[in-house]
Amino acid sequence: MSVNDQVRITDVSPRDGLQAESAIVDTALKAQLAMLVQKTGVTEVEVSSFVSPKWIPQLGDAAAVFDLLAPSKPEGVIYSALVPNERGLNAAIEVNQKARQDHGIERLIDKVSVFTAASEGFSLKNTNATIEETLQRFEPVVGKAHEHGLMVRGYISCIVQCPFDGAINPESVGDVMTQLLAMGIDEIDLGDTIGAATPETLEPVMMEAIDRLDGEPTNSFGDPTLTLHLHDTFGHAGECVKLALELGVRSFDSSAGGLGGCPYASTQSTRAPGNISTLALVQAIRDAGLTTNIDDDALIEASKFASGLIE
Ligand code: HMG
Ligand code: MG
C-alpha cells in the first residue's frame, strides 16, 4: 500500500491510557506525561477527550490539561483529542481560542477524533447510540472542524471482536469506513479494542480496509489515511504490527508504558495489558527494517513515568 520506510506513531497514553483508570490522575501529572511523551519523537500525542464527564470522569479536565500544555507545545508535534459530538468539538475550539489569546498559538489542538464501532453492541455501550446515530452526530462535526483548520480522525472500534456481539465481519468494518471517508474524514483508525486480534484474524480486516482506500494511502495532508490501534491484551499486538507493516500500513497508535488496560478483559485479580506499548511498537518497526523518529532515552523516561502513574 505504501512504499515509505518512515512509520508514524501516535502516543495515546494520556487519553486511552488513563481513561479507564479507577483512580483519577492529577491534571498536572497528565500534562507532565504528555510533555514527556512529546519529547520521544512521536508524531502525535492524543492528549484527552471532550466527552461527557458522567461517562468518563477520568478525563473531565481535558481543557485544563491543554491549558498546561499550551506554553510548551513543540513545533511539529500534533495534539489531538476525542470528541463524540458537536459539543465536544466546540469545547476543543474554545481551547484553541483561549490558547490563541493567551499564548499567540495559532492552533493548540490540531486534530479531533470521532469514534464509532463496527459492532452495534459496543457502539451502544460506549456512546449510547447505534452506529448510524453516531455517524449522524459526526455530520456537523467534520465540516466545522475543517472550517477551524482541524484534521479529523475517525476511529472504528471492535474491528475483529466485540465483547458483546462476538466476531466481526470484515465487511462491517469496511462499510463503516466507507461512510466515514464519504463524510470527509481525513484518517481512519482501526481499533482492536479488546486486543483479540491475531495476524490470521486481522489480515482479512486490513485487506478489506486497504481495498476501501481505493489506492489512496495518503490523505490531503500527506499523512497515512489508515492507522492501526492495537491493544495487547493477549500478547499478539507485536505480530499484528508485523503483519500490518507487511501490508503497507505506516501509522500506528501505542501508549508509553503500555497504559490502557481494557476493563472488559481484566479480572478482579489481573489487570489486562493495555494499548501496545510504544517500546514494543518501535521494536516491531525496527525488526521490520523500517524507521521512526523515536529517541530511545526519552521513550524510556516517558514509559517509566507512565507506568508510575498507575502503580
Ligand atoms: P448520552 O448520555 O447518551 O447523551 O451520552 P446526552 O446528550 O444525554 O448527554 C449526557 C450528559 O453529557 C448531558 O449532561 C450532556 O450535556 C453531556 P447533563 O445534561 O446530563 O448534565 N454531554 C457532554 N459533556 C461534555 N462533553 C460532551 C458532551 N456531550 C454530552 N461532548 C455521549 C452520549 C456520547 C456524550 C456519551 O456516551 C459519552 O461521552 N461517551 C464517551 C465514551 C468514551 O469516551 N469512551 C472511550 C473512548 S472510545 C475508545 O476508547 C476506543 C478507542 O480507544 C479505539 C479502540 O480501542 O477501539 C478510541
Ligand atoms: Mg483503545
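First listed ligand is number 1; within each ligand, the first listed atom is number 1. Residue numbers count from 1 along this sequence. Source: prediction; values computed, not measured.
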Given D67 and K98, is the salt bridge (Lys or Arg N to Asp or Glu O under 4.0 Å) satisfied, shown in steps? CA-CA 8 Å; D67 218 25; K98 183 167 188 302; 3.1 Å; yes
What atoms in ligand 1 come closer than 4.0 Å to a heavy atom of [X]?
X: N126; result: 37 (O), 40 (N), 41 (C), 42 (C), 43 (C), 45 (N), 46 (C), 48 (S)
X: L82; result: 47 (C)
X: H231; result: 56 (O)
X: T127; result: 33 (C), 34 (C), 37 (O)
X: R15; result: 47 (C), 49 (C), 50 (O), 52 (C), 53 (O), 58 (C)

Side chains of E44 and S80: do they bring a donor and an acceptor to under 3.5 Å?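 On atom types as modelled, these side chains qualify, holding a pair under 3.5 Å.
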Any side-chain donor-acceptor pair under 3.5 Å between Q283 and D287?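 Distance-only check passes for Q283 and D287.
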Got an N/O contact under 3.5 Å between [X] and ligand 1?
X: T193; answer: yes
X: F122; answer: no
X: D192; answer: no
X: C158; answer: no

Note the single closest protein heavy atom to [atom], along with its residue, its atom name and the distance in Å.
atom: atom 50 (O) of ligand 1; result: Q19 NE2, 2.7 Å
atom: atom 25 (C) of ligand 1; result: V51 O, 3.3 Å
atom: atom 5 (O) of ligand 1; result: W55 NE1, 3.5 Å
atom: atom 34 (C) of ligand 1; result: R137 NH1, 3.4 Å
atom: atom 10 (C) of ligand 1; result: S52 OG, 4.4 Å
atom: atom 22 (N) of ligand 1; result: R87 NH1, 3.5 Å

Would you say that more than 12 heavy atoms from the other residues, nucleotides or ligands in this model lie under 6.0 Å from the NZ of K144, or not?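 Correct, the count exceeds 12.
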Between D110 and K73, does at least one N-O distance fall below 4.0 Å, as a salt bridge requires?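 Yes, D110 and K73 are salt-bridged.
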Any Lys/Arg nitrogen of E46 or R153 sitting under 4.0 Å from an Asp/Glu carboxylate oxygen of the other?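 Salt bridge flag = yes for R153 with E46.
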Does R212 form a salt bridge (Lys or Arg N to Asp or Glu O under 4.0 Å) with E208? I'd like the steps, not just the answer. CA-CA 6 Å; R212 301 280 179 146; E208 177 78 24; 2.8 Å; yes
Heavy atoms only, cut-off 4.0 Å: how does [X] contact ligand 1, side chain, backbone, both, or neither?
X: P84; answer: side chain
X: N85; answer: side chain
X: L59; answer: neither
X: I56; answer: side chain
X: K125; answer: neither

I'd like to know if P53 contacts ligand 1, where contact means a heavy-atom distance under 4.0 Å to any ligand atom.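 The answer is yes, since P53 has a heavy atom less than 4.0 Å from ligand 1.
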The one among [options] that brings a heavy atom closest to [atom]:
atom: atom 55 (C) of ligand 1; options: G88, S157, A62; answer: S157
atom: atom 1 (P) of ligand 1; options: N128, V83, N275; answer: N128
atom: atom 14 (O) of ligand 1; options: E133, R153, K54; answer: K54

Answer yes if a protein heavy atom lies under 4.0 Å from [atom], otherwise answer no.
atom: atom 53 (O) of ligand 1; answer: yes
atom: atom 7 (O) of ligand 1; answer: no
atom: atom 3 (O) of ligand 1; answer: yes
atom: atom 16 (O) of ligand 1; answer: yes

Which one of D16, D192, D253 satisfies the side-chain hydrogen bond (donor to acceptor under 3.5 Å, both in side chains) criterion with H231?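 Considering D16, D192, D253, a side-chain hydrogen bond (donor to acceptor under 3.5 Å, both in side chains) with H231 is found only for D16.
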According to a 4.5 Å side-chain heavy-atom criterion applied to Ile, Leu, Val, Met, Phe, Trp and Tyr, with indirect links allowed, do M183 and L190 form part of one hydrophobic cluster?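 Same cluster.
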Same apolar cluster (I L V M F W Y, side chains within < 4.5 Å links), I168/V205: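 As far as the 4.5 Å side-chain criterion goes, V205 and I168 are connected within one cluster.
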Kindly confirm or rule out a cation-pi arrangement of R8 over F221, judged by NZ or CZ under 6.0 Å from the six-membered ring centre and within 45° of its axis?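 So R8 doesn't make the cation-pi contact.
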Quick one: report the N, O or S atom of H229 that is nearest to the Mg ion (ligand 2).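 Going through the N, O and S atoms of H229 one by one, NE2 ends up nearest to the Mg ion (ligand 2).
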Check whether any N, O or S atom of D16, backbone or side chain, sits closer than 2.8 Å to the Mg ion (ligand 2).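 A backbone or side-chain N, O or S atom of D16 is under 2.8 Å from the Mg ion (ligand 2).
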Can you label the angle between the H229 ring and the Y155 ring as parallel, tilted or perpendicular, going by 30° and 60°?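 Rings of H229 and Y155: perpendicular, as their planes differ by over 60°.
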